[in-house]
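To keep things clear, I will list the structure first and then write my remarks on it.
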Number of protein chains: 2
Amino acid sequence: MEVDYKSHIPLHVQIRLILEKEIMSGIYKEKIPGELELMNRFSVARSTVRQAIRALVDDGILEKVHGKGTFISFKPVEEWLGSFRTYSEIVNEMGMKPDIRVLTQHETSSPKEVGRTLGADNFYLIQRVRYADEVPIGIEYNYYPLEIGYKLSQHNLNNASTYNLLENQSGLKLWEAKQIITARVPTQEECELLDIPNTMWVLFIERINNDQDGNTIEYEQSIYRPDMYAFVVSFDRKKI
Amino acid sequence: MEVDYKSHIPLHVQIRLILEKEIMSGIYKEKIPGELELMNRFSVARSTVRQAIRALVDDGILEKVHGKGTFISFKPVEEWLGSFRTYSEIVNEMGMKPDIRVLTQHETSSPKEVGRTLGADNFYLIQRVRYADEVPIGIEYNYYPLEIGYKLSQHNLNNASTYNLLENQSGLKLWEAKQIITARVPTQEECELLDIPNTMWVLFIERINNDQDGNTIEYEQSIYRPDMYAFVVSFDRKKI
DNA sequence: CAGTGGTCTAGACCACGAA
DNA sequence: TCGTGGTCTAGACCACTGG
């Protein structure tokens with residue numbers, strides 16, 4: 001896989017794409033070849049190689065370390081979700097012990113809206129309850145395309161991060177997410193699970209997770225006790 | 001203001017800082033000098049100038065246009081708030097007419113927590129009600145440091161964006177924001193204003209807006225009818 | 001056409017990390 | 001000490017925009 005000098009695509013773009021493909025294919029363990037080696041391989045100047053690498057660093061695919069080399073960036077999902085702090089983080093901060101336990105998990109075809117979102121009649125549901133210091137504070141309904149769901153079902157989902165499992169075990173890469181946050185009346189079953197009066201409303205969150213190609217790999221509905229939980233979102237102008 | 005060759009700070013960093021200061025001081029209207037001109041001024045190679053400019057582009061301070069030049073980036077606040085869609089946007093999307101009307105505005109010293117957040121005993125409150133097609137769907141309590149509040153009070157705040165006023169009239173630059181979203185029971189007054197039964201809970205949002213130096217220039221509390229409003233947050237991995 | 005930024009080369013020296 | 005990435009130069013040609 002080499003560059004094409006007759007193409008009108010800039011060399012640094014061609015090199016960037018080749019490197020990206022090679023990185024994703026996994027032929028490098030953690031470190032990519034040095035700039036000198038890449039210069040020789042592609043027969044280009046160093047600044048051209050550096051420009052290609054810079055783009056990959058900007059994309060969060062590579063990380064450079066002065067004096068050591070250029071490394072593949074294995075940032076955990078949590079860091080990406082960064083500006084949206086995770087449940088565990090918040091619960092930890094409050095000095096409590098987070099936990100999550102499976103209630104049910106099985107193939108299903110209802111509700112129908114989920115099928116439309118995932119683009120399939122049947123899908124896989126994982127229903128879990130979140131705890132803070134043994135107190136139930138939220139319920140999550142995670143819906144997956146069948147193939148992904150059955151893959152996940154081979155793991156113990158108690159006290160596990162499905163995001164990590166998806167990324168590290170299933171080889172899927174979460175790329176974009178959309179959340180909708182509002183409040184609603186809980187069902188009778190939900191009131192019992194959360195041990196709350198039926199006069200209390202709950203925070204209701206829908207979240208759609210897509211991969212790099214725009215395929216939906218997870219659709220999630222969660223409810224949380226508003227007296228025990230809040231969403232925190234931070235932005236700074238620099239990064240956007 | 002020129003570069004110091006004896007300093008151990010890289011030239012491109014020195015140039016970046018000089019340009020940033022000049023841009024913020026407003027000595028360029030919208031376009032900064034070309035790369036050739038900057039090369040001559042600082043007596044450096046073109047790639048050094050380009051590296052300095054690249055950093056400013058990454059920071060969102062400049063924008064380059066091939067064949068035309070490098071321009072100061074005047075992205076409106078709305079675009080920054082981007083991943084967090086604004087009220088007006090969502091209401092518009094639903095095909096409804098957004099509106100916001102002032103209920104009260106005055107100097108005050110309560111609640112005390114607000115004073116602690118803003119770091120002053122007295123502050124300025126602007127209380128407004130948000131409508132969609134003439135139906136009240138939310139109430140906003142905006143708290144400002146006195147100086148900023150009185151500056152804002154010189155404008156008509158009905159159907160106006162305080163963010164735009166802050167940026168364009170007061171010369172302040174919003175830089176980072178933190179939001180906390182949960183739900184709570186509305187007060188009796190809030191029920192009447194929103195025309196909702198007192199059994200309905202409302203979405204409760206706190207938002208702190210800081211400028212580039214970390215000073216809090218606005219503290220906002222809002223409540224929304226959960227049956228009429230939802231928060232939408234999107235992320236994609238590339239930019240973070 | 002002139003002026004702008006975009007791409008690319010060939011080479012130099014420096015700063016950091018590990019052996 | 002050696003290999004790595006970081007900084008910087010001097011110069012070339014290309015591609016886009018506007019008069």
Side-chain angles (χ1 to χ4, degrees), chain A residues 2-20 22-23 27-75, chain B residues 1-20 22-23 27-74:
Chain A
E2 301 307 326
V3 294
D4 174 9
Y5 288 91
K6 281 162 285 187
S7 151
H8 286 271
I9 301 171
L11 289 177
H12 68 89
V13 174
Q14 295 184 47
I15 294 172
R16 177 195 174 292
L17 292 173
I18 292 172
L19 288 178
E20 183 165 2
E22 290 180 347
I23 291 164
I27 68 170
Y28 307 122
K29 279 196 234 308
E30 45 165 6
K31 188 173 173 298
I32 69 165
E35 294 175 356
L36 183 64
E37 194 174 332
L38 292 172
M39 283 170 67
N40 295 330
R41 169 177 166 197
F42 295 115
S43 304
V44 296
R46 189 168 162 216
S47 76
T48 306
V49 168
R50 283 175 66 77
Q51 191 170 358
I53 290 176
R54 189 190 311 132
L56 294 171
V57 170
D58 285 346
D59 280 1
I61 294 169
L62 292 177
E63 284 175 3
K64 298 210 261 191
V65 183
H66 194 168
K68 292 182 73 175
T70 303
F71 301 83
I72 297 171
S73 177
F74 285 117
K75 280 189 189 143
Chain B
M1 180 94 71
E2 303 307 328
V3 294
D4 174 9
Y5 288 90
K6 281 162 284 184
S7 150
H8 286 272
I9 301 170
L11 288 177
H12 69 89
V13 174
Q14 295 184 46
I15 294 172
R16 176 195 174 291
L17 292 173
I18 292 173
L19 288 178
E20 182 166 3
E22 290 180 347
I23 291 165
I27 68 171
Y28 307 122
K29 279 197 236 306
E30 44 166 6
K31 189 173 173 295
I32 69 165
E35 295 175 357
L36 184 63
E37 194 175 332
L38 293 172
M39 283 170 67
N40 295 331
R41 170 177 166 196
F42 295 115
S43 304
V44 295
R46 191 170 161 214
S47 75
T48 306
V49 168
R50 283 174 66 77
Q51 192 170 359
I53 290 176
R54 189 191 310 133
L56 294 170
V57 170
D58 286 345
D59 280 1
I61 294 170
L62 293 177
E63 283 174 2
K64 298 211 259 192
V65 183
H66 194 169
K68 293 182 72 175
T70 303
F71 301 82
I72 297 171
S73 177
F74 285 118

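Note that the structure is a prediction, hence the values are computed from the model and not measured. Labels below follow one simple rule: chain letters A, B, ... track the order of the sequence lines, proteins then strands, and each chain is numbered from 1.
Of the candidates dA10(D), dC8(C), dG5(D), dC8(C) carries the atom nearest the Thr48(A) side chain, counting heavy atoms from C-beta on. Distances from the side chain of Glu35(B) to the nucleotides dG6(C), dT9(C), dT9(D) place dG6(C) closest. Nearest to the side chain of Pro10(B), among dC8(D), dT7(C), dG5(C), sits dC8(D).
A donor-acceptor contact shorter than 3.5 Å links the side chain of Gln14(B) to the backbone of Ile9(B).
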Show the distances under 3.5 angstrom between N or O atoms of the protein and N or O atoms of nucleotides 12-16 of chain C.
unit_1  : atom_1 : unit_2   : atom_2 : d
dA12(C) : N6     : Arg46(A) : NH1    : 3.3
dA15(C) : N3     : His66(A) : NE2    : 3.0

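Nucleic acid contact for Leu11(A): sugar-phosphate only, since backbone atoms but no base atoms lie under 4.0 Å from a heavy atom of the residue.
Using a 4.5 Å heavy-atom threshold, the side chains of Thr70(B) and Leu56(B) count as separate. At least one side-chain heavy atom of Ile32(A) sits under 4.5 Å from a side-chain heavy atom of Ile53(A). Proximity of Thr48(A) to Phe42(A): side-chain heavy atoms (C-beta onward) are nowhere separated by under 4.5 Å.
To the nearest 0.5 Å, the span separating CD on Glu22(B) from CD1 on Ile15(B) amounts to 11.0 Å.
Between Ser47(A) and dA10(C) there is no side-chain N or O to OP1 or OP2 distance below 4.0 Å. A sub-4.0 Å separation between OP1 or OP2 of dG5(D) and a side-chain N or O of Arg50(A) is absent.
In this structure Arg54(B) satisfies the side-chain hydrogen bond (donor to acceptor under 3.5 Å, both in side chains) test with no other residue, sequence neighbours excluded.
In this structure, His12(B) places its NE2 atom 4 Å from P of dT7(D), rounding to the nearest Å. If you measure from atom CD1 of Ile32(A) to atom P of dG5(D), you get 7 Å, rounded to the nearest angstrom.
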